[in-house]
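Chain letters run A, B, ... following the sequence lines, proteins first and then strands; every chain starts at 1.
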Amino acid sequence: MMAHLTMEELAACANGAPGRDHLAACEACQAEVRRWQVVAEGVRQAAPAYLPPPQPLRHALAAIDGAPVRRRRVGLLSAAAAVVLAGTAAYALGTADRAVDPSRPVTVAAVYSTDCPDLKVAAGKLTSVSGSTMVLTTAGGMSITVRAGVGTKITHQVTGDLGELAEGTHVMVRGEGTEAGDTIRARQVAITPDAMKLPGLPNLGDRFNVTRRMAANGTVMGSVIRDGQDGFTVRAGDGTEVRVVTTTSTRLIKQESTVLGGLQTGEYTVAVGALEDDGTLSARTVQQNALTDEAGRHAPALPSGLRDRLPEPGEGLRDLPPLPDAPPEGLSDDLFDGLGCDADAIAGTAVYGAGA
Amino acid sequence: MNSSRPDGARQAVVTFDSHPVEPREQDDPQLLQAIARGDRGALVTLYQRHAGAVLAHLTLVTGDHGLSEEVLQDTMLAVWRGAGSYRSLSSVRSWIIAIARRQARDRLRRRRVTMVGQESLAERAATGPGPEDIALDRAKAGEVAEAIKALGVPHREVLGLVFGTGLTLAETATALEIPVGTVKSRLAAARAALARAMTERGYA
């Protein structure tokens, strides 16, 4: 009788290779192959093959050119699909850490750096509020204690009236878009802070209009330029105009001042302020995003058809691997670039650029 | 250190409409030779070929996708700097994974994350089919996948390399820097641990 299959052969069979003749006649080996196949399938489910994301290569190439090696920031789940969609651009969503110092308290690893040396960003679900302190828990499960003082500006989302919209108001609209991407039937209109950094949209010419593709998927961000009886028009960052149709069920969301006790636990909250030596954050601004609908809470997804075609900023379309199905967790590593020390703008950008 | 490519080295070709244009079909060792000469396009091609598998493996081992991307980034940088040291004694993929393992180990050490040391795992051989194998016979792949995530790092590593990345046992041994015999015993021990886990989940 021929020898049983070796471990090498069993593994190869579990990976789909045909076995030698002995296998057909040996029930014991067949059973072993089946068991290894179960293991192999489990491994493939536990570690699905990824399309290689562009960021590691992009950062490695930048480092080759002498740029500092990028380090991740502990992840927060970016969920405002609009921003992510816009960020073809924002595909640069990464988990970079510009400021993790192993000698600092662990809290350091749970905040984001900004252009401003004195301002860090903590973001996550509001876990608890006690007196003038609150605790945020990041998507990565880290807890950060945030202290509010007399001068801390605290806002949260409330519903408003569509009549409050005026020309020039910055909005993020979500709803159902037409196939052409020229009109959205709005489910929700959120007034975004004027200081918020809008995503830069690549201008790829008439053949590939990102704003239209976003709108076809139900999202547009930009400024209100015309108002009408049944809606308004939004001009996006690339100049494309999208008609927004509103109905009686369309909800308007805006930010309104509140106090620490007015915030809801369990909701996505952003705090911007100074990181103290004890690892707590002394907040200058706190904003809570409690009314964004479920669309904003899901992992962002690029519209079908875009995934394999979008470029990195400043790059051609085909010189890097295709995008993965889902961006990794984390705020964009350049999300706060250019915002300087404007705490409100940083907080607003984080609120509308990420969700819990 | 600025290790930018030498003058005249070729860039990746970029076009809008067409499929990705690789300079020309090259096998992996040729790509490494090109990288050693400072060819960035070759690095891009190598990345396209292997990064997905390396990232999947790193994620399985570390359980942290973000960290794994960072390790992958460091790995590609190390490949750029060390391509000239490649000797064709192993497959390029196993060579890259070996680099990735060292990068991950260094990174985790810096973060002071405690991993189960390989040495602490008994390299037990399987005891042959038994009641626990019945659990494996009945188990569903999704349940097995969950149980795999709970295994120790050495077990996840060997399973990931053999069944996720598709390396041969010899290539796995190279990547893990252990003898082939140890790969075999570790595979058997990993499966036994998995079978025990499935038994505990009621599959016996």
Side-chain angles (χ1 to χ4, degrees), chain A residues 6-8 10-12 14-15 28 31-32 34-53 55-61 63-66 69-75 94-97 100 102 109 140 204 315-322 324 328-330, chain B residues 1-5 12-16 18-21 40 43-44 47-48 51-53 55-57 59-60 65-67 69-70 72-74 76-77 80 110-112 129 133 136-137 139 141-149 159-160 162-164 166 168-169 184 187-188 190-191 194-195:
Chain A
T6 64
M7 180 70 88
E8 181 89 55
L10 289 168
N15 281 334
E32 276 296 278
R34 277 197 303 274
R35 291 180 192 118
W36 281 114
Q37 283 172 333
V38 170
V39 174
E41 183 55 33
V43 170
R44 288 189 276 271
Q45 286 198 21
Y50 295 99
L51 290 171
Q55 293 98 333
L57 177 61
R58 182 160 57 92
H59 294 164
L61 290 172
I64 288 167
D65 289 333
V69 175
R70 296 269 192 149
R71 295 294 176 222
R72 72 175 186 155
R73 291 176 281 196
V74 171
T95 50
D97 190 337
V100 173
L204 303 179
E315 293 170 341
L317 284 178
R318 308 302 317 205
D319 59 339
L320 286 176
E329 284 191 357
Chain B
M1 182 180 87
N2 186 333
S3 43
S4 57
R5 64 193 170 87
V13 179
V14 178
T15 62
F16 189 93
S18 61
H19 295 296
V21 178
R40 294 163 60 107
L43 185 70
V44 172
Y47 183 86
Q48 289 172 322
L55 181 59
H57 181 68
T59 303
L60 177 67
H65 188 90
L67 173 67
E69 285 198 356
E70 203 173 295
L72 178 61
Q73 167 191 322
D74 292 345
M76 297 315 294
L77 202 52
W80 173 264
R110 284 202 295 274
R111 289 175 57 180
R112 296 173 189 172
D133 283 309
L136 211 48
D137 288 337
E143 293 276 357
V144 175
E146 287 306 308
I148 286 170
K149 292 175 184 173
L159 290 175
V162 173
F163 299 116
T168 64
L169 300 195
K184 293 176 184 175
L187 267 178
R191 198 184 87 172
L194 210 48

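Under the salt bridge (charged side-chain N to carboxylate O under 4.0 Å, His left out) criterion, A/Glu8 pairs with no residue, sequence neighbours left out. Under the rule for a side-chain contact (heavy atoms from CB on, under 4.5 Å), the partners of B/Ala145 that lie at least two apart in sequence or sit in another chain are A/Gln45, A/Ala46.
Within the 4.5 angstrom heavy-atom criterion, only side-chain atoms of B/Lys149, from C-beta onward, approach chain A. Both the backbone and the side chain of B/Leu169 come within less than 4.5 Å of a heavy atom in chain A. Using a 4.5 Å cut-off between heavy atoms, B/Ile148 contacts chain A through its side chain alone, with no backbone atom that close.
Rounding to the nearest 0.5 Å gives a distance of 10.0 Å between CD of B/Gln73 and CG of A/Leu57. With rounding to the nearest 0.5 angstrom, the OG1 atom of B/Thr59 is 9.0 Å from the CG atom of B/Leu72.
Each of A/Ala31, A/Gly42, A/Ala60, A/Ala28 has some count of heavy-atom pairs under 4.5 Å with chain B, and the biggest count is that of A/Gly42.
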